[in-house]
**Student:** 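First the structure, then my questions, so here it is.
Count residues from 1 along the sequence.
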Amino acid sequence: MIISHADMNKAFDRGLVSPLGQTIAYAVRYQDTWWIHFEKGWIRTDKKLADMLDAEAARITAQDAIVARNAAIRAATQADPQERQQ
């Protein structure tokens with residue numbers, strides 16, 4: 001199955017699409033499956049690739065959470081002491 005760029009752009013605009021990662025927009029999750037960008041549109045992945053992308057998405061999400069936690073810790077420890085008490 002193939003989806004046109006225009007249709008996928010509409011889905012992006014409606015918030016119905018989740019990219020694999022913040023900087024990886026060529027693989028996206030839409031309608032409970034993964035899609036890969038190519039020159040004529042978006043093509044749905046097969047089960048094997050979808051399983052691999054699910055695993056990679058979980059890994060990226062976990063790493064993003066670690067980065068966010070570390071940033072929050074840095075911000076809290078570098079804040080003005082009066083700001084930390086609030």
**Student:** Under 4.5 Å between side-chain heavy atoms, hopping through other hydrophobics if needed: is there a path connecting V28 to L16?
**Tutor:**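 In one cluster: yes.
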**Student:** Where is the tightest heavy-atom contact between P19 and A25, given as atom of each residue plus distance?
**Tutor:**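 Nearest heavy atoms, P19 then A25: CB-CA, 4.4 Å.
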**Student:** Output the distance between atom CG (L53) and atom CG (L20), rounded to the nearest 0.5 Å.
**Tutor:** 6.0 Å
**Student:** So, taking the atom named CD1 in I73 and the one named CZ in R69, what distance separates them when rounded to the nearest 0.5 Å?
**Tutor:**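 With rounding to 0.5 Å, CD1 (I73) is 5.0 Å from CZ (R69).
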**Student:** The criterion is salt bridge (charged side-chain N to carboxylate O under 4.0 Å, His left out); which residues satisfy it with R59, sequence neighbours excluded?
**Tutor:** E56
**Student:** Would you check, one step at a time, whether the test side-chain contact (heavy atoms from CB on, under 4.5 Å) holds for V67 with Q63?
**Tutor:** CA-CA 6 Å; V67 169; Q63 291 298 314; 5.5 Å; no
**Student:** Where do A50 and T45 come nearest, in terms of heavy atoms and distance?
**Tutor:**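 So the minimum-distance heavy-atom pair works out to CB-OG1, 3.6 Å.
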**Student:** Quick one: sort the H5 and H37 rings into parallel, tilted or perpendicular, breaks at 30° and 60°.
**Tutor:**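 Correct class here is tilted.
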**Student:** The criterion is side-chain hydrogen bond (donor to acceptor under 3.5 Å, both in side chains); which residues satisfy it with S18, sequence neighbours excluded?
**Tutor:**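 By the side-chain hydrogen bond (donor to acceptor under 3.5 Å, both in side chains) rule, S18 matches no residue at all.
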**Student:** Do I43 and M8 sit in the same hydrophobic cluster, where Ile, Leu, Val, Met, Phe, Trp and Tyr count as joined when their side-chain heavy atoms come under 4.5 Å apart?
**Tutor:**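 Cluster IDs for I43 and M8 differ.
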**Student:** Same cluster or not: M1 versus I36, using hydrophobic residues (I, L, V, M, F, W, Y) connected whenever any side-chain heavy atoms lie under 4.5 Å apart?
**Tutor:** no
**Student:** Under the rule for side-chain hydrogen bond (donor to acceptor under 3.5 Å, both in side chains), what residues qualify as partners of W34, not counting sequence neighbours?
**Tutor:** D54
**Student:** How about OH on Y26, more than 12 heavy atoms from neighbouring residues, nucleotides or ligands closer than 6.0 Å, or not?
**Tutor:** no
**Student:** Rounded to the nearest 0.5 Å, how far does CZ of R44 lie from CD1 of I2?
**Tutor:** 11.0 Å
**Student:** Hey, what do you get for CD1 (I3) to CG (N9), rounding to the nearest 0.5 Å?
**Tutor:**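 Taking CD1 in I3 and CG in N9, the distance rounds to 11.0 Å.
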**Student:** Please answer whether the main-chain N or O of T77 pairs with a side-chain N or O of R74 as donor and acceptor at a distance below 3.5 Å.
**Tutor:** no
**Student:** Is any side-chain heavy atom of W35 less than 4.5 Å from a side-chain heavy atom of V17?
**Tutor:** no
